Amino acid sequence: MSRNDSNSSNFARWLQRYGNELGLLFAILVVVGITAGMDDSYRQKPSQNAAEILRQASLLGIFALGAATVIIAGGIDLSSGSVIAFSGAICTSIMIALAPVDDAGNLQTRDLGAGILCAAVVGTLLVAVLIGSFHAWLITVIGLPPFIATLASLVGLRSLARVLVQDVTAAVTTQGRNTQIYVNDASFRSWGSRWWIPLVIFLVLSGLMWILMSKTVIGRHLYALGGNEEAAKLSGIRTDRLKWLAYCVGTVTAAIAGILYSSYVGMSNPATQGMGYELNAIAAAVVGGCSLSGGIGTIPGVMLGALFLRVVIDSVAKTVKTNPDEFQGLIVGALVVLAVAFNELRDAGALKKQFFPGGLGVVNIFILSLLGGVITAVMSSDHKLVIGGSTAVVILGVLAFKKFLEMRSRN
């Protein structure tokens with residue numbers, strides 16, 4: 001083999017290895033470019049927009065790292081959003097429980113001191129380890145599917161946090177029961193409001209997770225566990241301990257995010273805090289290249305997946321002028337479907353695959369056409385019916401042509 005052939009082969013392998021990350025970088029630049037062309041704020045206030053996107057992407061990325069670890073290990077964690085809410089409640093509860101009281105009996109949360117802040121953080125992280133350990137016990141000892149075990153936490157933890165906050169405020173404050181806990185300490189408030197603090201925490205956690213997953217035996221065993229659990233067991237790998245580690249990483253990273261979210265708003269409100277964030281964590285992981293079948297995914301991919309998801313959400317907020325938050329779930333859901341489909345088809349010969357076989361294919365051609373038309377119509381500001389109908393007709397024509405080609409290839 002000549003030197004040129006060897007260089008070409010190395011470059012091809014490099015492209016194959018980092019193709020997902022390069023594609024995400026390109027997609028981020030495209031979305032930013034389109035948004036800058038459609039909205040003035042990116043050009044008028046570039047630094048403010050960049051700082052806010054990095055802050056939000058870092059907060060999302062922190063608990064997406066934990067979700068990705070669980071997914072790579074072959075599991076799923078649906079509890080991230082509720083762990084965020086519960087952790088915020090635990091952190092602020094510890095703070096007000098240890099806060100000094102003035103002569104009138106009122107709590108003083110403006111200057112709590114480093115000792116109380118450290119106790120609140122350490123206590124919250126310890127509770128997160130207990131939640132992760134409980135998940136691992138339900139899955140490895142009781143035998144519950146990960147979906148059921150973490151679904152129970154998704155429902156139960158938020159409810160428990162709401163009750164806990166009311167009981168703590170009734171016991172500690174003179175105002176009686178309250179559904180929210182307010183903390184005015186300036187140091188605590190700065191953790192989530194200064195854009196660079198979540199970014200630094202995210203980069204440090206990402207570096208640690210990259211070392212764990214890429215440079216240690218434990219990381220290789222986590223990939224082996226996700227790829228084939230039975231083979232991993234037969235190889236002598238202690239799979240139960242690895243599951244415990246993965247679910248603890250998931251809950252601890254969610255707890256860190258919960259502390260930062262609470263510090264950003266200066267309070268804990270379990271009724272709404274972290275609502276639906278578990279979908280965002282899973283979305284960032286799968287968009288970043290993690291396979292829901294387990295055993296596949298990289299930390300740099302998850303970092304870029306979180307940034308891409310945040311850039312897209314910010315783009316929707318900038319370009320859709322009427323109630324952009326109503327479209328956030330739609331965009332995230334569509335990205336999850338596209339990312340999972342891409343990952344499944346990437347190694348399965350997508351070009352040769354039949355997407356619309358038989359009668360089911362015909363029905364789904366109409367469903368996709370109708371869905372595309374409806375989405376285009378609701379996102380348009382004028383002539384909704386014309387734009388939506390035209391889009392549906394175009395999609396119908398393209399998919400019908402695809403169906404025709406599939407039928408010809410079979411014959």
Side-chain angles (χ1 to χ4, degrees), residues 16 19-20 23-24 26-27 30-31 67-68 71-72 74-76 78 145-148 150-151 226-231 276 278-297 301 305 308-309 312 316 326-380 383-411:
Q16 185 178 13
N20 183 63
L24 281 171
F26 178 74
V30 169
V31 174
I71 290 172
I72 290 172
I76 193 74
L78 301 178
F147 180 88
I148 300 300
T150 55
L151 180 64
N228 190 325
E229 183 175 349
E230 287 303 316
E278 57 279 347
L279 174 61
N280 289 351
I282 296 171
V286 297
V287 169
C290 293
S291 170
L292 289 175
S293 301
I296 297 175
F308 173 71
L309 200 63
V312 170
V316 173
E326 294 177 356
F327 294 91
Q328 181 175 327
L330 175 64
I331 300 298
V332 173
L335 287 175
V336 169
V337 171
L338 289 174
V340 173
F342 178 76
N343 285 334
E344 294 296 326
L345 295 172
R346 186 169 47 186
D347 301 323
L351 294 177
K352 299 179 180 177
K353 184 178 178 63
Q354 289 198 356
F355 290 93
F356 306 108
L360 183 62
V362 174
V363 172
N364 277 280
I365 286 176
F366 283 101
I367 291 174
L368 290 172
S369 303
L370 182 63
L371 185 62
V374 170
I375 292 174
T376 310
V378 297
M379 295 188 71
S380 304
H383 309 295
K384 290 177 177 289
L385 188 60
V386 175
I387 294 175
S390 303
T391 304
V393 170
V394 171
I395 294 175
L396 181 64
V398 172
L399 296 184
F401 183 66
K402 171 66 176 170
K403 168 76 174 176
F404 172 72
L405 293 179
E406 290 179 0
M407 292 176 65
R408 282 194 61 185
S409 66
R410 290 189 62 186
N411 297 329

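These figures come from a predicted structure and were not determined experimentally.
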| field | side-chain contact (heavy atoms from CB on, under 4.5 Å) involving L396 - partner list, sequence neighbours excluded | value | I365, F366, S369
| said: Using the side-chain contact (heavy atoms from CB on, under 4.5 Å) criterion, which residues pair with I282? Sequence neighbours excluded. | reply: I71, I76, L78, V286, L292
| How far does CG of L368 sit from CG of L371, to the nearest 0.5 angstrom? | 7.0 Å
| query | Can you name the nearest heavy-atom pair linking E406 to F355, along with the distance? | reply | OE2-N, 2.8 Å
| field | Closest contact, heavy atoms only, G388 versus A377 | value | CA-CB, 3.9 Å
| request: Measure across L309 and A284 and return the closest heavy-atom pair with its distance rounded to 0.1 Å. | output: CD2-N, 4.0 Å
| request: Report the residues that fulfil side-chain contact (heavy atoms from CB on, under 4.5 Å) with T376, sequence neighbours left out, ordered by chain and then residue number. | output: S380, I387, T391
